[in-house]
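Below, chain A is the first sequence line, B the second, and so on; all start at residue 1.
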Amino acid sequence: RYQELQREVSELSEAEDKLDELISKCNLQLRLLTEDSNNKKLGYVRCQDLRNTVDPPDQIVMVIRAPPETQMTVSEPSQGYQISLKSTNGPIDVFLCPED
Amino acid sequence: RSRILVSIGESFGTSDKFQKINQMVSSTDWSLKRRLEGDSTPKPLKRL
Amino acid sequence: AQEFRNLELEKQKRLERIRQKRSQLEELILQQIAFKNLVQRNQANEASSKTPPPPGSVIQLPFIIINTDVRTVIDCSISSDKCEYLFNFDNMFEIHDDIEILKRMGMSLGLENGKCTPENLAVAKSLVPKSLESYVTGMARNTNRTPP
């Protein structure tokens with residue numbers, strides 16, 4: 001039983017190594033995909049797409065486009081909720097998605 | 001008071017980073033909060 | 001017997017790590033499929049309309065959205081250089097990132113929520129490298145399985 005278990009554990013070790021390799025490959029593929037200039041240009045959604053994903057559709061939809069490493073803090077002060085955004089890599093774009 | 005800090009601005013990060021925030025916000029008793037604030041009448045909507 | 005028990009523990013730990021890494025890999029595969037699908041959709045739209053959409057009508061990735069009830073009051077303060085914002089909400093809201101929006105738009109072909117049709121499975125497999133096809137099939141089969 002011990003030898004059987006040893007064999008199982010070494011198989012699991014191989015399976016885990018294979019997953020690690022696939023995960024790092026996938027991360028690289030995703031980064032290359034999003035950095036490709038053509039994909040950068042075509043990687044957009046329309047306001048109507050956003051409207052179709054919120055329920056009910058007549059909500060306020062605020063869009064935030066921030067530079068990398070922007071810090072978002074969500075805190076619960078006594079009143080309501082507070083969201084703060086702090087960027088050190090350039091201005092943050094915030095706009096409301098029009099209803100129509 | 002609870003406070004959650006996340007980094008934004010990159011695509012395709014771990015998609016569950018906002019789940020915790022959404023759970024925290026949705027589990028709040030907003031009517032109690034309003035009573036704490038004293039004024040239950042909503043203020044006129046401000047546009048960005 | 002003691003060594004056997006230690007090895008049993010080691011096996012459980014590895015199984016848990018493999019489970020987590022598999023779900024991390026599946027999320028990465030979903031993101032890759034969703035993004036490629038979005039690019040192909042926009043490419044096809046622009047080809048059929050022969051013009052790119054007006055600049056003001058599209059939202060470039062990456063982005064996040066905050067949605068809240070239409071009666072919510074949002075107090076907003078902005079620094080002059082637009083590098084700092086402070087929002088006060090008097091009502092509930094939700095925050096979602098771009099990949100969540102792409103999934104809701106159906107860009108990940110239903111792989112994440114059990115609605116992947118055989119046609120969509122063929123499309124999904126065409127969007128990933130061969131080494132990942134078996135995972136896509138597994139995700140489709142796994143989600144198509146009737147929930148226990």
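- Classification of A:Asp49 and C:Arg104 as a salt-bridged pair fails, no side-chain N sitting under 4.0 Å from a carboxylate O.
- From C:Leu28, atom CG reaches atom NZ of C:Lys21 across 13.0 Å, with rounding to the nearest 0.5 Å.
- Of the options C:Glu3, C:Gln2, C:Glu8, a side chain to side chain donor-acceptor pair (under 3.5 Å) to C:Arg5 is made by C:Gln2 and by none of the others.
- There is no contact between A:Thr70 and chain C, counting heavy-atom distances below 4.5 Å.
- Within the 4.5 Å cutoff, no side-chain heavy atoms of A:Met72 are placed close to those of A:Ser84.
- Heavy-atom distances place both the backbone and the side chain of C:Phe4 under 4.5 Å from chain A.
- When heavy atoms are compared at a cutoff of 4.5 Å, A:Leu19 approaches chain C solely by way of its side chain, counted from C-beta outward.
- For the set A:Val63, A:Leu5, A:Leu30, the count of heavy-atom pairs under 4.5 angstrom toward chain C peaks at A:Leu5.
- Neither the backbone nor the side chain of C:Pro52 comes within contact range of chain A, judged by heavy atoms closer than 4.5 Å.
- A salt bridge does not link A:Glu21 with A:Lys18: none of the charged nitrogens is closer than 4.0 Å to a carboxylate oxygen.
- Counting heavy-atom pairs closer than 4.5 Å to chain A, the top-ranked of the candidates C:Leu25, C:Leu15, C:Leu132 is C:Leu25.
- Across A:Lys41, A:Gln71, A:Lys25, the residue that shares the most heavy-atom pairs under 4.5 angstrom with chain C is A:Lys41.
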Inset, instruction - Please step through salt bridge (Lys or Arg N to Asp or Glu O under 4.0 Å) for the pair C:Glu112 and C:Lys103, ending with a clear verdict. - result: CA-CA 8 Å; C:Glu112 80 288 352; C:Lys103 287 177 187 173; over 6 Å; no
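- When heavy atoms are compared at a cutoff of 4.5 Å, C:Thr68 approaches chain A by way of both its backbone and its side chain.
- Ring geometry, C:Phe87 versus C:Tyr85: the interplanar angle falls under 30°, so the pair is classed parallel (tilted spans 30 to 60°).
- Per-residue heavy-atom pair counts under 4.5 Å with chain A were compared for C:Asn67, C:Ile59, C:Leu38, C:Leu102, and the maximum is reached by C:Ile59.
- For A:Asn39, the parts lying near chain C are the backbone and the side chain together; criterion is any non-hydrogen pair under 4.5 Å.
- With a 4.5 angstrom heavy-atom cutoff, A:Asn89 does not touch chain C via any of its atoms.
- The most heavy-atom pairs under 4.5 Å with chain A, out of C:Glu46, C:Arg22, C:Glu10, come from C:Glu46.
- Separating the CD1 atom in C:Ile65 from the CG atom in A:Leu96 is a distance of 12.0 Å, to the nearest 0.5 Å.
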